[in-house]
Amino acid sequence: MNGWDMGEDETFDRWEGESLSARAMAARPTPYLDGLNPAQRQAVETLDGPVLVLAGAGTGKTRALTTRIAHLLNTGRAQPNEILAVTFTNKAAREMKERIGHHVGGMIEGMPWLGTFHSICVKLLRRHAELVDLKTNFTILDTDDQIRLLKQIIQAEGIDDKRWPARMLASLIDGWKNRCWTPEKVPSSEASAFNHRGTELFEQYQERLKVLNAVDFGDLLLHVVEIFQKHEDILAKYQRWFRYILVDEYQDTNVAQYLWLRLLAGGHKNICCVGDDDQSIYGWRGAEVGNILRFEKDFPGAEVIRLEQNYRSTPHILAAASGVIAANESRLGKTLWTDASDGEKVRLIGHWDGEEEARWIGEEVESMQNGTRGLDPMGLDNMAILVRASHQMRAFEDRFLTIGLPYRVIGGPRFYERLEIRDAMAYFRVTVSSDDGLAFERIVNTPKRGLGDKAQQMINKVARDNGVGPLEGARIVVRDKLLAARATNALRELIEGFDRWSAMLTAGHDHVELAEIILDESGYTDFWKNDKSPEAPGRLENLKELVKALNEFENIQGFLEHVSLVMDNGQEQEGEKVSIMTLHAAKGLEFPAVFLPGWEDGLFPSQRSMDESGLKGVEEERRLAYVGITRAEEVCTISFAANRRVYNQWQSSLPSRFIDELPAENVEVLTPPGLYGGGFGAAATAEIPGVMRGSGLQEKAARADAYNSPGWKRMAARAQHRGTRQPSEARNMVIDMEAASPFEIGERVFHQKFGYGRITDIEGDKVTVDFEKAGTKRVVASYISAEDQIPF
DNA sequence: GTACACGAACTTTTT
DNA sequence: GTTCGTGTAC
């Protein structure tokens with residue numbers, strides 16, 4: 001293992017007997033350069049030395065980046081395995097791979113060093129694990145494991161974990177790791193953290209990780225940096241090896257990532273960072289805008305290239321976004337421009353409350369879908385609702401469910417984070433390595449085996465006393481009959497299970513089959529089959545999904561590694577659906593039509609962000625606003641509600657300060673629908689202080705009376721239209737005919753979101769169901785299934 | 001040791 | 001409105 005030699009590894013296979021210049025001679029034509037604008041071309045062709053590409057939203061950033069790599073390869077400057085290309089998300093990495101392949105044809109055998117910071121670090125760390133006292137098969141803890149471990153430490157110290165919760169310590173330690181601080185390096189200014197015990201607990205935590213042969217997310221970076229700093233020879237090899245380094249989304253790098261990059265770029269100094277300071281929205285996670293602002297100082301002689309021509313949005317949308325972001329103090333400054341012709345103004349509308357906002361957006365989506373807005377009909381895939389915080393999503397889900405509008409939530413609870421997936425993974429982990437204590441702990445008593453706290457404490461104690469892993473400890477407990485007969489038997493059975501499964505694993509039994517066997521024999525599948533809760537069917541479905549996913553891997557180990565690193569779940573792409581997601585999740589995406597609801601002070605900008613980070617916080621929120629607006633290609637609709645239900649009580653709020661920053665000439669104020677239902681109308685809009693504060697929107701609002709406002713006209717037009725053919729009607733008719741009232745009153749049914757319930761009323765395609773958990777709801781029949789037809 | 005019921009606290013964003 | 005954790009009853 002220590003015979004570390006790059007030459008032996010496929011990822012370090014250099015062409016023999018051919019000098020670089022010779023390869024350069026063999027350069028092929030460069031058709032991929034055609035169609036680039038001058039700035040993009042410069043970004044692609046400035047290959048040597050440090051380069052910072054400041055790429056505004058929608059300026060062809062990814063294109064420049066991938067073309068640059070294609071160019072490096074095509075000119076023979078580097079082999080695919082000599083290029084280090086880092087991204088933040090697996091999705092971005094995947095997309096880059098695809099697009100490079102497209103440029104260069106099939107000639108690339110894959111780029112082993114194109115990936116996320118984390119996945120590349122795992123690769124590096126597995127090679128050099130022993131240098132930081134780890135074994136090469138170390139496990140990567142997920143957040144859940146991390147919290148549980150910290151909780152144990154806190155409790156062992158006799159600290160009240162109510163007052164000092166493990167979550168708090170976890171985020172503290174994460175923050176330190178983001179700044180590349182090991183326990184010794186945490187500055188004394190942090191000494192008072194976590195009741196003055198922070199640093200000490202951090203140290204203990206690191207000790208425990210070492211014993212467990214485990215690392216957390218932050219460690220992946222930290223350990224590699226440490227190896228580079230302590231072992232010059234190793235660093236030098238990598239510095240030599242990576243001829244060219246490319247970094248995507250540079251504005252999102254934290255200090256640890258920055259140091260990592262700087263170390264690796266120290267040799268050839270061919271580092272190209274692409275980013276947009278205006279889209280730095282991960283400050284709370286340790287990202288340092290400073291990294292991008294300082295680039296020229298860090299890398300002397302750096303060339304800075306600005307991509308400013310926007311290919312995505314109409315001029316009004318672009319101008320609105322620019323107007324907002326201009327209010328930020330600390331930015332490098334870019335002036336986005338476009339050739340596109342005029343298009344619609346950004347639309348702004350206020351509502352009485354959050355439910356009305358959801359209702360209005362629902363109708364708006366339907367009318368866009370039908371092309372009733374005077375525009376061409378637009379597919380649901382082309383529309384997105386971008387919210388600040390995930391809890392805002394529920395209002396839309398509820399509404400869309402009721403009217404039967406297909407939607408898709410992007411980036412919700414991730415697949416691998418789900419309870420049942422974690423449990424299943426824990427079984428696999430113990431099977432693979434019997435000393436994975438955290439995993440063992442997780443499942444000793446899941447499903448219930450009568451091995452409660454007392455039994456677990458006994459196992460832990462025995463394991464510790466004998467200096468062995470928990471599974472071995474459990475073996476001793478069984479052997480010496482340290483527990484009641486029933487518990488002993490249960491434990492014996494579990495141990496025998498693991499013995500059997502790991503034997504099968506060693507024997508090379510098919511891993512997909514093995515996974516099924518483990519889940520069945522352990523009783524885990526039955527556990528959920530017997531569970532009566534509404535989530536149970538979904539969980540079983542997820543388990544099936546998990547086993548299916550195993551097919552794509554050669555063995556369970558590879559799969560475990562994949563899951564611990566791949567944060568995104570494969571989104572089902574089928575069917576036309578509106579997307580609902582957070583602004584953060586929307587970065588990098590674009591949609592013809594974008595809705596931005598909830599622009600109210602306190603919600604957006606978020607109160608918490610302002611409280612915690614003051615002006616810096618507001619600036620980051622403003623960048624978030626900028627990201628939101630620039631997602632829109634053709635139509636961008638911003639809205640706010642005067643009242644919103646928070647927890648259980650009503651709270652009224654003022655429109656977001658960002659609304660004031662929208663340039664009046666690029667905004668069209670729509671009249672709220674309440675106008676013709678009575679209640680909240682144009683007058684009320686004008687009454688809300690702030691909406692039009694000092695921006696000239698005031699006159700606009702004043703003019704936006706019932707009959708003149710384009711908003712009203714549209715409203716009236718739609719009302720008429722509705723009379724003849726309601727948008728959702730056509731679609732529902734099909735459903736009606738296909739499934740002519742498949743239900744009857746009193747029947748027990750299942751609904752994806754609300755669970756089980758009994759039908760109390762049927763009215764056309766709408767069914768009223770008294771749900772056991774969710775209460776009485778009126779839903780579209782196609783969204784519920786008869787009890788005996790639950791899909792699993 | 002488990003099952004259920006009640007109460008508290010929480011909601012930003014996540015590689 | 002939820003989820004999580006604690007307390008009580010079996």
Side-chain angles (χ1 to χ4, degrees), chain A residues 86-93 115-122 140 142-143 146-147 151 161-163 165-167 170-171 174-175 177-178 216-221 248-249 252-254 256-257 280-287 386-395 397-398 410-414 416-417 419 445 447-457 483-484 486-487 490 531-533 535 564-569 581-588 598 602-613 617 620-621 623-624 627-628 644-649 754 773-775:
Chain A
V86 236
T87 62
F88 274 86
T89 64
N90 295 289
K91 202 172 133 214
T116 63
F117 276 102
H118 298 281
S119 64
I120 290 172
C121 281
V122 173
I140 303 163
D142 62 28
T143 336
Q146 195 186 351
I147 302 270
K151 195 164 179 176
D161 66 335
K162 266 276 152 56
R163 247 179 80 82
R167 293 198 162 280
S171 68
D174 275 348
K177 288 187 174 176
N178 285 337
D216 66 17
F217 256 86
D219 283 340
L220 291 173
L221 258 298
D248 192 18
E249 307 279 18
D252 289 338
T253 51
N254 62 31
Q257 288 155 342
S280 166
I281 54 175
Y282 285 109
W284 50 274
R285 209 173 65 192
L386 312 182
V387 297
R388 174 64 183 87
S390 52
H391 65 78
Q392 289 171 264
M393 292 179 181
R394 205 178 51 220
E397 290 193 59
D398 283 352
I410 304 213
R414 279 173 302 264
Y416 87 104
E417 268 180 358
L419 179 84
N445 205 26
K448 300 271 183 286
R449 299 190 172 87
L451 298 166
D453 277 352
K454 232 176 75 189
Q456 289 181 42
Q457 274 167 21
L483 293 169
R486 246 173 79 184
D531 190 296
K532 294 283 175 288
S533 68
E535 305 90 62
S564 56
L565 287 172
V566 173
M567 320 303 274
D568 52 356
N569 27 349
M581 69 187 98
T582 63
L583 286 162
H584 283 87
K587 194 168 78 155
L603 183 59
F604 187 43
S606 109
Q607 195 57 49
R608 179 145 168 193
S609 164
M610 292 189 287
D611 291 346
E612 277 172 13
S613 320
E620 181 151 317
E621 296 284 307
R623 292 192 289 266
L624 213 37
V627 168
R644 211 171 272 281
R645 200 162 36 199
V646 184
Y647 305 137
N648 217 3
Q649 50 204 1
F754 302 131
K773 287 261 152 59

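Numbered from 1 within each chain, the chains take letters A, B, ... in sequence-line order. Note that these values count all heavy atoms, side chains included, but never hydrogens, waters or copies made by symmetry.
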Rounded interatomic separation in angstrom, taking CG from A:Leu603 and P from B:dT13: 11 Å
Nearest heavy atoms of A:Ala93 and A:Gly115, plus distance in Å: CB-CA, 4.1 Å
Expected rows: protein N/O vs nucleotides 1-6 of chain B N/O, under 3.5 Å:
unit_1 : atom_1 : unit_2   : atom_2 : d
B:dT2  : OP1    : A:Gly450 : N      : 3.1

Residue A:Arg394, side-chain heavy atoms: nucleotide from C:dG5, C:dG1, B:dT13 that is nearest: C:dG1
Centroid under 5.5 Å and tilt under 30°, A:Tyr282 to B:dT14: no
Listed partners of A:His584 passing ring pair (Phe, Tyr, Trp, His ring centres under 6.0 Å), at least two apart: A:Tyr282, A:Trp284
A:Asp142 CG to B:dT14 P, straight-line distance once rounded to whole Å: 17 Å
A:Lys587 NZ to A:Thr89 OG1 distance, which is reported to the nearest 0.5 Å: 9.0 Å
Separation of C:dC4 C1' from A:Lys151 NZ (nearest whole Å): 9 Å
A:Phe604 CZ - B:dT13 C1' separation (whole Å): 11 Å
Proximity to the side chain of A:His391 - top-ranked nucleotide from B:dT11, C:dG5, B:dT13: B:dT11
Atom-to-atom span, CD1 of A:Ile147 to C1' of C:dT3 - whole angstrom: 15 Å
Spatial distance of atom CD (A:Gln607) from atom CD (A:Glu621) [nearest 0.5 Å]: 10.0 Å
Between B:dT13 (P) and A:Gln392 (CD): distance, integer Å: 9 Å
Among B:dT13, B:dT11, B:dT14, the one nearest A:Ala389 by side-chain distance: B:dT13
Nearest atoms (heavy-atom pairs only) where A:His391 meets A:Leu603: CE1-CD1, 4.1 Å
Length of the line joining A:Arg645:CZ and B:dC10:C1', which is rounded to integer Å: 17 Å
Touch class at under 4.0 angstrom, heavy-atom based, for A:Thr582 against every strand present: sugar-phosphate
A:Thr87 or A:Glu612, whichever maps to the more 5' nucleotide of DNA chain B: A:Glu612
Sidechain N-carboxylate O distance under 4.0 Å for A:Glu397, A:Arg394: no
Rounded interatomic separation in angstrom, taking CG from A:Asp611 and P from B:dT13: 16 Å
Min side-chain heavy-atom separation A:Thr253-A:Phe117 under 4.5 Å: yes
